[in-house]
Colleague: 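Let me begin by handing over the structure; questions about it come next.
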Amino acid sequence: MKPYDQACREAEDIFFRYGNMLYRIAVVMLGSSHDAEDVVQDTLIRYMEHGKPFRDKNHEKAWLVRVTVNLCKNRLLFARRHPQVEYSELAEYGQDQKDSCLMECLMKLPWTYRAALLLHYIMGYSVRETAQFLRITEAAAKKRLERGRKRFREIMEQEGAAEHDR
């Protein structure tokens with residue numbers, strides 16, 4: 001086990017290196033900035049408690065993403081059993097109106113499609129890596145991406161029609 005001070009310094013380094021990425025993953029999966037902050041903090045605590053060395057930086061990054069995704073899944077499961085989730089704050093994260101619209105449409109997708117699209121298209125992971133993070137087969141990941149894209153298009157078209165009605 002690492003000394004506490006060393007673990008804190010390493011966690012701080014990890015936060016500066018990967019904190020923004022982990023936060024974005026959590027926000028997209030959870031739809032809440034407060035929950036996302038909690039998940040990143042919990043991820044860093046898990047990192048500090050993790051006693052084994054990583055093979056390399058990629059292994060470390062993959063571990064952090066996996067822990068973040070798992071913690072998000074746990075929160076979503078809890079929220080499903082104890083419904084209270086609100087997406088009202090989400091529009092704040094878009095840089096402009098188009099980004100806000102895209103984010104709102106993304107948040108309307110079921111989390112299975114949202115997570116797959118986020119990992120593959122936004123974070124740039126391959127289909128194989130996306131499947132590994134989600135603990136599904138590559139075929140299932142491809143199908144989720146296909147269905148997610150289709151559903152996202154449908155939502156965008158509905159939102160586009162809603163924009164013209166205003």
Side-chain angles (χ1 to χ4, degrees), residues 1-2 4-95 99-136 140-141 144-145 148 151-152 155:
M1 189 105 187
K2 301 174 194 170
Y4 181 76
D5 290 340
Q6 180 185 357
C8 288
R9 280 192 300 274
E10 288 176 6
E12 185 177 359
D13 180 50
I14 291 299
F15 177 76
F16 286 119
R17 205 169 338 141
Y18 301 117
N20 189 35
M21 175 193 67
L22 299 175
Y23 177 77
R24 287 181 298 163
I25 290 169
V27 164
V28 170
M29 287 189 72
L30 299 172
S32 165
S33 62
H34 301 293
D35 287 342
E37 290 169 357
D38 290 343
V39 164
V40 171
Q41 184 176 19
D42 290 345
T43 301
L44 292 174
I45 289 169
R46 300 264 171 103
Y47 178 83
M48 290 174 65
E49 293 172 345
H50 185 76
K52 303 173 192 168
F54 296 99
R55 290 189 303 267
D56 54 31
K57 294 294 181 193
N58 286 335
H59 179 230
E60 180 179 65
K61 181 179 176 182
W63 186 89
L64 290 164
V65 170
R66 179 77 248 152
V67 169
T68 301
V69 168
N70 284 341
L71 290 171
C72 288
K73 282 181 174 182
N74 292 346
R75 282 189 181 260
L76 289 169
L77 183 60
F78 179 84
R80 198 172 299 137
R81 291 182 179 157
H82 306 89
Q84 297 179 20
V85 178
E86 293 183 26
Y87 294 109
S88 60
E89 295 178 5
L90 190 59
E92 297 173 15
Y93 294 103
Q95 297 293 335
D99 287 344
S100 294
C101 179
L102 291 173
M103 184 63 82
E104 287 174 17
C105 292
L106 183 64
M107 293 311 298
K108 290 179 182 179
L109 290 172
W111 80 266
T112 53
Y113 299 148
R114 192 178 341 145
L117 292 173
L118 166 76
L119 289 168
H120 185 67
Y121 291 107
I122 297 173
M123 301 306 297
Y125 288 105
S126 69
V127 172
R128 171 184 274 167
E129 292 168 322
T130 299
Q132 289 172 344
F133 283 130
L134 298 176
R135 294 190 181 183
I136 57 177
R144 281 189 191 180
L145 289 168
R151 186 70 186 111
F152 186 76
I155 292 170

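Here the structure is a predicted model, which means the values were calculated and not measured.
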Colleague: Kindly give the heavy-atom pair with the smallest separation between Y113 and R144, and that separation in Å.
Modeller: CD2-O, 3.5 Å

Colleague: Measure across K61 and Y125 and return the closest heavy-atom pair with its distance rounded to 0.1 Å.
Modeller: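 Minimum heavy-atom separation between K61 and Y125: CE-OH, 3.4 Å.
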
Colleague: I need the R114 CZ to R151 CZ distance, nearest 0.5 Å.
Modeller: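 Interatomic distance, R114 CZ to R151 CZ, rounded to 0.5 Å: 12.5 Å.
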
Colleague: At their closest point, which heavy atom of T68 faces which heavy atom of L22, and how far apart are they?
Modeller: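 Reported closest heavy-atom pair: OG1-CD2, 3.3 Å.
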
Colleague: Which heavy-atom pair separates V65 from M21 by the least distance, and what is that distance?
Modeller: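 Here V65 and M21 meet closest at CG2-CE, 3.7 Å.
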
Colleague: Testing K52, R55, R17 for salt bridge (Lys or Arg N to Asp or Glu O under 4.0 Å) with E60, which one passes?
Modeller: R17

Colleague: Does I122 form a side-chain contact (heavy atoms from CB on, under 4.5 Å) with L117? I'd like the steps, not just the answer.
Modeller: CA-CA 7 Å; I122 297 173; L117 292 173; over 6 Å; no

Colleague: Can you say whether the rings of F54 and Y47 are parallel (under 30°), tilted (30 to 60°) or perpendicular (over 60°)?
Modeller: parallel

Colleague: To check you understand the geometry: which heavy-atom pair defines the closest contact between D42 and R75, and what is its length?
Modeller: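 So the minimum-distance heavy-atom pair works out to OD2-NH2, 3.8 Å.
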
Colleague: Looking at CG of L44 and CD of E49, how far apart are the two atoms once the value is rounded to the nearest 0.5 Å?
Modeller: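 Between atom CG of L44 and atom CD of E49 there are 11.0 Å.
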
Colleague: With rounding to the nearest 0.5 angstrom, report the NE2 to CZ distance, H120 to R128.
Modeller: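 H120 NE2 to R128 CZ: 13.5 Å, rounded to 0.5 Å.
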
Colleague: So, do R46 and L71 sit near enough that their side-chain heavy atoms are less than 4.5 Å apart?
Modeller: yes

Colleague: Going from CE on M29 to CG on D35, what distance comes out if it is rounded to the nearest 0.5 angstrom?
Modeller: 12.0 Å

Colleague: Roughly how far, to the nearest 0.5 Å, is CZ of F15 from CD of Q41?
Modeller: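 Taking CD in Q41 and CZ in F15, the distance rounds to 9.5 Å.
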
Colleague: Between I155 and K108, what is the shortest heavy-atom contact and its length?
Modeller: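 Where I155 meets K108 most closely, the heavy atoms are CD1-CB, 3.9 Å.
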
Colleague: So how far is it from L30 CG to I25 CD1, rounded to the nearest 0.5 Å?
Modeller: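 One finds 11.0 Å between CG of L30 and CD1 of I25.
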
